[in-house]
Amino acid sequence: SRVLALSGLGTARWPAMEARAAQAVRRLPGYRCPRGVLVSGTQGPRGTGVAPPPDLIIGESGDSIVGAHASPSIVLVDELRTDPSLASKLVV
């Protein structure tokens, strides 16, 4: 199981890190796609607003085998400290 670690260097907010995580995963070949992304160094909590789907034409693809690989789970370090059971999203 692979985990991609990203840092916002203490200055990035959640929407910026969500976009960085998606971009970093897209750059990896499909066979190297991480199961989870562990994000640290963000300012403020994860947003609770409704975001548009990553692909406005297709919509939410979930874990479909058609098209790109499945989206990995994104976990913030602060969330992991609060709820250690979230580690199961990162590893199998």
Side-chain angles (χ1 to χ4, degrees):
S1 167
R2 291 183 171 87
V3 177
L4 177 64
L6 295 175
S7 174
L9 302 175
T11 61
R13 296 199 180 277
W14 167 246
M17 288 307 297
E18 187 176 30
R20 284 185 201 168
Q23 183 179 36
V25 169
R26 277 194 307 270
R27 288 182 179 172
L28 294 172
Y31 67 90
R32 301 221 15 143
C33 183
R35 173 153 170 81
V37 179
L38 184 61
V39 177
S40 67
T42 59
Q43 284 191 354
R46 181 190 298 246
T48 57
V50 177
D55 186 324
L56 294 176
I57 305 297
I58 298 172
E60 292 291 337
S61 62
D63 291 340
S64 171
I65 61 170
V66 180
H69 42 72
S71 298
S73 298
I74 300 177
V75 177
L76 295 173
V77 169
D78 291 334
E79 293 172 343
L80 191 57
R81 286 184 184 128
T82 304
D83 183 3
S85 69
L86 291 174
S88 64
K89 288 184 170 184
L90 299 173
V91 294
V92 177

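For the atom pair CG of L6 and OG1 of T42, the computed distance is 11.0 Å after rounding to the nearest 0.5 Å. Considering CZ of R26 and CD of Q23, their distance stands at 6.0 Å, rounded to 0.5 Å. To the nearest 0.5 Å, atoms CD (E79) and CG (L38) are separated by 10.0 Å. Between atom SG of residue C33 and atom CZ of residue R2 there is a gap of 9.0 Å, rounded to the nearest 0.5 Å. Between the CD atom of Q43 and the CG atom of L9 there is a distance of 11.0 Å, given to the nearest 0.5 Å.
Side-chain contact between P72 and V25 is present, with heavy atoms from C-beta onward closer than 4.5 Å.
Across L80, I74, L4, a single residue satisfies side chain to side chain contact (heavy atoms under 4.5 Å, CB included) together with V39, and that is I74.
The nearest pair of heavy atoms linking L90 to G36 is CD2-CA, 3.7 Å. The two residues S88 and S85 make their nearest non-hydrogen contact at OG-O, 2.8 Å.
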